[in-house]
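Right, one structure below, let's go through it.
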Protein chains: 2
Amino acid sequence: MNTEETKYEDCIIFLLAKAYQKAHGNFKKRLTAYGLTPIQHLILEALWLEDGQSAGDIGKKLVLDGATLSGVLDRLAAGDWIKKEPDPDDKRIIRIFLTKKVRGLRPKLSEERNQANDEIMRRLSLEEKVLLKRLLRDIQG
Amino acid sequence: MNTEETKYEDCIIFLLAKAYQKAHGNFKKRLTAYGLTPIQHLILEALWLEDGQSAGDIGKKLVLDGATLSGVLDRLAAGDWIKKEPDPDDKRIIRIFLTKKVRGLRPKLSEERNQANDEIMRRLSLEEKVLLKRLLRDIQG
DNA sequence: AGTATTCATTTCGTATACAAACTAATTTAA
DNA sequence: TTAAATTAGTTTGTATACGAAATGAATACT
């Protein structure tokens, strides 16, 4: 049904990769001043919404592979952003808590993220922004 | 101007990351049967359009960092997909040529990619597909 | 010519990503 | 109640990704 040759510039996988690459790179640069990476920041965001989540909870919400998450959490703990504590009722589970180092940083980091978002979509109208988000969500199902 | 707290689920960086993750994972699975990765395939595509391009040419077209490209080309050469030959006129430049191993594979790989594209966007109408591609291109500038 | 600069690519270090194998703890079932 | 299956998390191995430094080659400048 769809056998014509499509150049890679028209391939949705390529377009998503490059758009993500651009967005990620932009945010990454903004975060270097804080010593954080975009994914590390994402985990802090999740913990701001609910502190003490298990590693598995976080992975499920952020759609992060366990193997990936394990390393990210290690680096966050090494940087004293979080503390890992085994759940007293089920010692398989590790609960993640924010440290005091993170206090007061939330507004600044949110502002950076909002600016990054704005810059990435600066060429789009408000309708287009809303639509793009909707389409990306539809893709993930 | 944009100081309200946005949950990460509404963050364009997050949405792009997850949509890309899904698309990439889908295509990656399809390609394992061939022993290729999505990026390796992308480079073959670029060479099908024009064989003998330099590493720099390929990097520019595919928006790939030189450091990244170097490793990918090494692995492609190790798998006998490509051959690296220094340009006779400028020995700084390395030209990349497809090997005979790739012959006849193009239609199959294109079909896999088209199927991956279709599956990723299966929930979208034709108009939405066109629009999504346009918006992603707009983001890249 | 000889030196400085620029250019193409590689190397190194760090950080995602994910499959697969592994450990340890809990639950299920026989 | 003990063996089997499941679950949570880590480890290992491979593949992007990219900044920064290094290498080697070509060009520019004096």
Side-chain angles (χ1 to χ4, degrees), chain A residues 13-14 16-43 53-60 62-79 81-82 84-96, chain B residues 13-14 16-29 31-43 53-60 62-79 81 84-96:
Chain A
I13 306 166
F14 179 75
L16 283 170
K18 294 311 151 182
Y20 163 64
Q21 183 177 314
K22 181 132 184 174
H24 181 263
N26 183 318
F27 194 30
K28 187 181 168 191
K29 259 181 208 146
R30 290 174 185 275
L31 285 178
T32 48
Y34 301 86
L36 285 169
T37 65
I39 287 142
Q40 288 168 7
H41 168 263
L42 193 62
I43 288 169
Q53 291 183 70
S54 73
D57 288 341
I58 296 173
K60 227 170 282 172
L62 305 184
V63 199
L64 282 177
D65 185 81
T68 301
L69 191 56
S70 196
V72 179
L73 291 178
D74 274 354
R75 286 183 287 277
L76 276 172
W81 300 97
I82 61 167
K84 297 161 76 169
E85 294 187 13
D87 187 297
D89 294 337
D90 185 341
K91 282 179 230 159
R92 292 173 304 180
I93 296 175
I94 287 196
R95 302 213 162 269
I96 312 296
Chain B
I13 306 166
F14 179 75
L16 283 171
K18 293 312 152 185
Y20 163 64
Q21 184 176 314
K22 181 133 183 172
H24 180 263
N26 183 319
F27 194 30
K28 186 181 169 192
K29 261 182 205 142
L31 285 178
T32 48
Y34 301 86
L36 285 170
T37 66
I39 285 139
Q40 289 168 8
H41 168 263
L42 193 62
I43 288 169
Q53 291 183 71
S54 74
D57 289 341
I58 297 173
K60 228 170 283 173
L62 304 184
V63 198
L64 282 177
D65 186 80
T68 302
L69 192 54
S70 194
V72 179
L73 292 177
D74 274 353
R75 285 182 288 277
L76 276 172
W81 299 97
K84 298 162 75 168
E85 294 186 13
D87 186 298
D89 294 338
D90 185 342
K91 283 179 228 159
R92 289 173 305 180
I93 297 176
I94 286 197
R95 302 213 163 269
I96 312 296

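Both backbone and side-chain heavy atoms feed into the values below; hydrogens, waters and symmetry mates do not. Throughout, a chain's letter reflects where its sequence line sits, starting with A, and its residues are numbered from 1.
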inquiry  = By the side-chain hydrogen bond (donor to acceptor under 3.5 Å, both in side chains) test, which pairs, at least two apart or in different chains, include something from residues 33-42 of chain B?
reply    =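 Non-adjacent pairs meeting side-chain hydrogen bond (donor to acceptor under 3.5 Å, both in side chains): B/Y34-B/E112, B/H41-B/E45.
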task = Please report the shortest heavy-atom distance between A/N26 and A/R30, naming the atom on each side.
result =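 Distance-wise, the nearest heavy atoms are OD1-NE, 3.0 Å.
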request  = Of all the heavy-atom pairs spanning B/A23 and A/L16, show the shortest one and how long it is.
outcome  =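 The answer is CB-CD1, 3.8 Å.
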query = When all nucleic acid strands are considered with a 4.0 Å heavy-atom cut-off, which category describes A/G66: base, sugar-phosphate, or nothing?
reply =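 A/G66: base contact, heavy atoms under 4.0 Å.
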To the nearest 0.5 angstrom, please state how far the [atom1] atom of [X] sits from the [atom2] atom of [Y].
| X | Y | atom1 | atom2 | answer |
| --- | --- | --- | --- | --- |
| B/L42 | B/L62 | CG | CG | 4.5 Å |
| B/I94 | B/L69 | CD1 | CG | 10.5 Å |
| B/D90 | B/R95 | CG | CZ | 8.5 Å |
| B/L76 | B/I43 | CG | CD1 | 5.5 Å |
| A/I82 | A/I96 | CD1 | CD1 | 4.5 Å |

task = Whenever both distances are under 3.5 Å in a Watson-Crick or G-U wobble pair, mark it; put DNA chain D into dot-bracket that way, with [ ] for crossing pairs and | when the partner is on another strand.
result = ||||||||||||||||||||||||||||||
Residues that B/S54 engages under side chain to side chain donor-acceptor pair (under 3.5 Å), provided they are two or more places apart = B/D57
task = Could you pull out all residues at least two apart from B/K18 that satisfy side chain to side chain donor-acceptor pair (under 3.5 Å)?
result =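 Applying side chain to side chain donor-acceptor pair (under 3.5 Å) to B/K18 gives B/Q21.
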How many whole angstroms separate atom [atom1] of [X] from atom [atom2] of [N]?
| X | N | atom1 | atom2 | answer |
| --- | --- | --- | --- | --- |
| B/R75 | C/dT10 | CZ | C1' | 13 Å |
| A/Q40 | C/dT16 | CD | C1' | 10 Å |
| A/I94 | C/dA24 | CD1 | C1' | 11 Å |
| A/F27 | C/dA15 | CZ | C1' | 15 Å |
| B/Q53 | C/dA8 | CD | P | 15 Å |
| A/L36 | C/dA15 | CG | P | 11 Å |

ask   = Along nucleotides 17-22 of chain C, 5' to 3', which nucleotides get a B, which get an S, and which get a -, given that the test is a protein heavy-atom distance under 4.0 Å?
value = BBB---
query = Quick one: how far along DNA chain D does chain A reach, first to last nucleotide 5' to 3', anything under 4.0 Å to a heavy atom?
reply =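 For DNA chain D, the relevant span reads D/dT7 to D/dC18.
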inquiry  = Once salt bridge (charged side-chain N to carboxylate O under 4.0 Å, His left out) is applied, what residue pairs with a partner in residues 62-79 of chain B remain, sequence neighbours excluded?
reply    =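 Residue pairs passing salt bridge (charged side-chain N to carboxylate O under 4.0 Å, His left out), neighbours aside: B/D74-B/K84.
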Name the pairs: protein N/O against N/O of nucleotides 26-28 of chain C, kept only if under 3.5 Å.
unit_1 : atom_1 : unit_2 : atom_2 : d
C/dT26 : OP1    : A/K91  : N      : 3.2

ask   = Any side-chain N or O of B/K60 under 4.0 Å from OP1/OP2 of C/dC7?
value =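 Indeed not, no polar side-chain atom of B/K60 lies that close.
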message = Assuming nearest nucleotide by heavy-atom distance, tell me which of B/T37 and A/L69 is located more 5' along DNA chain D.
response = A/L69
Which residues share a ring pair (Phe, Tyr, Trp, His ring centres under 6.0 Å) with A/Y20, sequence neighbours left out = A/H24, B/Y20
message = Are B/K91 and B/D87 packed together at the side-chain level, in the sense that at least one heavy-atom pair is separated by less than 4.5 angstrom?
response = no
